[in-house]
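One structure below.
No experiment lies behind these values; they were computed from the predicted model shown.
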Amino acid sequence: MGFLLLTLTACGGASGSSTGAGGAAPVVAELTSCGLPLTITAPPRRAVAMEQNAAEIMLKLGLSGRMAGTAYRTDPVLPELEAGYGEVPVLAAQYPGREALLAARPDFVYSMRASAYAPDAGGARKELAKLAIPAYLSSNDCEDPTLIPSSVTFDAVFGEIGDIAKIFGVPERGESVVADLRGRLEAAKDLSRASAGSKLMWYYSGTKTPAIAGRGGLPDTITTFLGAENAFSDIARQWSEGSWEKIAERDPDVIVLADLTRGGDGDSAEAKMSFLRSDPVASRLTAVRKNRFVVVPGSAMDPSIRSVSAVERVGAGLRDLHH
């Protein structure tokens with residue numbers, strides 16, 4: 001293979017390439033991820049995905065054989081990826097600590113959440129860089145909040161898939177995956193006709209102080225795409241802790257429930273519905289009284305390979321509730 005230089009911009013796509021004369025040199029990728037310059041001197045062979053969403057992107061790209069570990073599964077793995085996931089060592093139930101991460105001898109680390117690089121998790125990306133371990137972080141959750149875009153876009157999700165594909169030297173696989181997702185997203189526009197005017201609350205976890213979606217995150221983007229209204233779009237944070245008294249004032253038409261299997265307070269959709277129907281304040285919400293719920297996997301509420309399926313699922317759910 002000739003020498004190939006891929007220049008990537010901050011969590012974006014490739015912008016150039018060049019081929020050296022006749023030599024068989026490895027792929028080199030240079031990029032900036034959430035403000036940190038990274039240099040990939042060869043396609044990774046022992047990559048670690050720090051949580052399920054990162055793992056599923058890699059598995060969708062056919063990279064299970066190049067993964068030395070994964071961690072932090074919150075939902076059942078997508079059925080078509082189960083076999084590949086089963087081939088990858090699980091390093092920890094949640095984020096692996098630095099020692100466990102380094103014991104896997106990674107040559108690349110990928111996370112969609114900044115918390116994966118906290119001191120009590122894998123450690124700072126700059127520290128990993130000193131060990132010649134490039135660490136990629138999604139632009140949706142940079143360590144420096146000023147680097148996070150004001151809103152999640154589907155193009156950003158597709159661009160990240162392309163980044164990972166190029167880093168691993170399989171750009172054509174990334175193009176194929178993104179083309180399929182774009183086609184499905186275009187088809188999902190038809191669902192917006194049934195969704196227009198609906199006022200949604202996206203409910204992720206917790207009971208007494210529920211985590212609900214504000215402005216700028218994927219739930220807000222999906223809501224806008226479907227022509228509906230996010231009842232809490234005035235909250236200038238992707239996720240915020242709410243109170244049922246304040247929620248009752250907004251009285252959303254439909255509640256989108258995250259279904260998480262990790263076992264925390266109010267994680268599963270069933271636990272949320274049980275709480276909503278028994279709580280003296282929440283039980284009076286229009287959506288609860290009229291049983292207007294749409295359930296999606298918890299991981300689908302963060303930007304991921306599941307983002308388009310979340311559009312499809314919520315759109316279809318709203319259509320069914322209005323017919």
Side-chain angles (χ1 to χ4, degrees), residues 51-53 72-78 93-95 113 115 141 152 195 197-223 226 228-304 306-307 309-323:
E51 69 276 300
Q52 181 175 350
N53 282 343
Y72 216 141
R73 195 183 79 176
T74 57
D75 301 298
V77 176
L78 289 170
Q94 296 189 5
Y95 289 127
R113 308 298 300 180
S115 50
D141 196 39
V152 171
S195 308
S198 297
K199 185 165 62 173
L200 313 185
M201 181 181 92
W202 293 72
Y203 177 11
Y204 187 76
S205 64
T207 52
K208 296 302 181 184
T209 53
I212 57 175
R215 185 170 67 246
L218 182 65
D220 198 44
T221 298
I222 292 174
T223 303
L226 290 172
E229 175 190 349
N230 177 2
F232 298 92
S233 62
D234 59 321
I235 297 176
R237 296 176 60 188
Q238 292 188 15
W239 292 99
S240 179
E241 289 189 345
S243 74
W244 292 110
E245 289 75 16
K246 293 292 185 182
I247 291 168
E249 292 175 6
R250 307 289 177 93
D251 197 21
D253 302 318
V254 178
I255 300 177
V256 184
L257 304 173
D259 193 18
L260 296 156
T261 59
R262 61 189 183 183
D265 176 42
D267 270 357
S268 72
E270 191 60 40
K272 290 182 179 72
M273 284 188 274
S274 177
F275 171 81
L276 289 167
R277 289 166 176 151
S278 62
D279 183 78
V281 177
S283 61
R284 298 200 300 269
L285 295 172
T286 297
V288 178
R289 289 187 293 102
K290 296 189 175 183
N291 203 39
R292 290 179 180 165
F293 300 117
V294 177
V295 177
V296 299
S299 55
M301 289 193 182
D302 287 320
S304 71
R306 300 175 182 238
S307 296
S309 65
V311 174
E312 295 166 334
R313 195 156 180 169
V314 174
L318 293 174
R319 177 196 59 202
D320 293 345
L321 288 173
H322 288 86
H323 284 81

How long is the span from the CG atom in L257 to the OG atom in S268, to the nearest 0.5 Å? 9.5 Å

What pair of heavy atoms forms the shortest contact from L226 to G315, and how long is it? CD1-N, 3.7 Å

Distance-minimising heavy-atom pair for P303 and N53: O-ND2, 4.2 Å

So, the side chain of R284 versus the backbone of P280: is there a donor-acceptor pair under 3.5 Å, distance only? yes

Minimum heavy-atom separation for K272 and Y203, please, with both atom names. CE-O, 3.4 Å

Quick one: does R313's side chain have a donor or acceptor within less than 3.5 Å of a partner on V295's backbone? yes

Check the orientation of W244 and F275. Use parallel for under 30°, tilted for 30 to 60°, and perpendicular for over 60°. tilted

Whether over 12 other heavy atoms sit under 6.0 Å from R237 CZ: no

Spacing of OG1 belonging to T74 relative to CG belonging to D302, to within rounding of 0.5 Å: 8.0 Å

Got a donor-acceptor contact below 3.5 angstrom from the K199 side chain to the A228 backbone? no

Using 0.5 Å steps for rounding, measure from the CZ atom of R113 to the OH atom of Y72. 9.5 Å

Gap between atom CG of D220 and atom CG of L200 - 0.5 Å precision: 10.0 Å

Main-chain N/O of S205 paired to D267 side chain as donor or acceptor, under 3.5 Å: no

Which heavy-atom pair separates T223 from E229 by the least distance, and what is that distance? CG2-C, 3.4 Å

Quick check: does any side chain N or O of S283 sit under 3.5 Å from a backbone N or O of D279, one acting as donor and the other as acceptor? yes

Say you draw a straight line from CG of L276 to CG of N291; how long is it, rounded to the nearest 0.5 Å? 10.5 Å

S198 versus D253, side-chain donor and acceptor atoms under 3.5 Å: no

Do the side chains of V281 and E245 get nearer than 4.5 Å, heavy atoms only? yes

Check whether any side-chain heavy atom of R250 sits under 4.5 Å from a side-chain heavy atom of I247, and report yes or no. no

Does R73 reach the main-chain N or O of Q52 with its side chain, forming a donor-acceptor pair under 3.5 Å? no

Closest heavy-atom pair, Y204 versus G298, reported as atoms and distance to 0.1 Å, is CE1-O, 3.6 Å

Min side-chain heavy-atom separation V288-F293 under 4.5 Å: yes

Just by distance, do the side chain of T207 and the backbone of G266 share a donor-acceptor pair under 3.5 Å? no

How close do G214 and N230 get, heavy atom to heavy atom, and via which atoms? O-ND2, 2.9 Å

I'd like to check V256 versus M301 (side-chain heavy atoms, cut-off strictly below 4.5 Å). Are they in contact? yes

Just how far is it from atom CD1 of I255 to atom NZ of K290, taken to the nearest 0.5 Å? 13.5 Å

